Amino acid sequence: MEAVLELEIEAEKVHELMNRAQAAYRQAYIPYSHYPVGAAVLFASGEIYSGCNVENVSYGLTVCAERNAIFQAVARGERELKGIAIAVPTDEFPSPCGACRQVIREFAVDCPVILINGQGQTKKTSLKVLLPDAFVGLV
Ligand code: THU
């Protein structure tokens, strides 16, 4: 799996994605869960965008870090997602929620997903592994 992922994104970009995701969780607005999450996304232009989770007193309005990062990229004209890194400061690895998996699928049929825990350890997986048989609308 690792070799395949390294073919898809160059090592330098992987490191940049990881650093940006780790920096992003420091900005998390988390007065309710106290669980910071940071995400960084690489799009086809080569640009990396990052985001954190932003919570709301009306809990359902919370936006996850992954969607925050992706929507910032899309708002700047990006459409083709090449990879995503998600970082948390806890021992447990993060895992994107179902809603975010579907939003990732909107901009990538498949892409590397790099998960980073608080020790800086990484787990590499892919969107297809996380969201097999995705809903793709009426065909
Ligand atoms: N959260 C994310 O930002 N990304 C995920 O993949 C899972 C959950 C946030 C939402 C909420 O602010 C907090 O984590 C606890 O659920």
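What you see is a predicted model, and the numbers here were worked out from it, not measured in a lab. Heads up: numbering here begins at 1 and tracks the sequence. Atoms within each ligand, like the ligands themselves, are counted from 1 in listed order.
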Checklist line | Contact list for residues 82-138, test ring-ring contact (aromatic ring centres under 6.0 Å, His included), sequence neighbours left out | finding: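 Every pair satisfying ring-ring contact (aromatic ring centres under 6.0 Å, His included) with a residue in residues 82-138: there are none.
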Checklist line | Over 12 non-hydrogen atoms of neighbours within 6.0 angstrom of CD in Q121 | finding: yes
Next item on the list: Sorted by first residue and then second, give each side chain to side chain donor-acceptor pair (under 3.5 Å) pair with at least one member in residues 40-67; sequence neighbours left out.
Entry: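 Those involving residues 40-67 are S33-E55, S45-E78, Y49-E78.
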Checklist line | Any pair counted as side chain to side chain donor-acceptor pair (under 3.5 Å), so long as it reaches residues 91-102, sequence neighbours left out | finding: D91-Q119, S95-R101
Check: So which residues, sorted by chain and number, lie with a heavy atom under 4.0 Å of ligand 1?
Finding: S33, Y35, V37, N53, E55, T62, C64, A65, E66, S95, P96, C97
Note to self: Quick one: does any side-chain atom of K123 pair with a main-chain N or O of N117 as donor and acceptor, under 3.5 Å?
What the structure shows: no
Notebook entry, point to check: Do any N or O atoms from the side chain of R79 and from the backbone of V74 form a donor-acceptor pair under 3.5 angstrom?
Noted result: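 At least one qualifying donor-acceptor pair exists.
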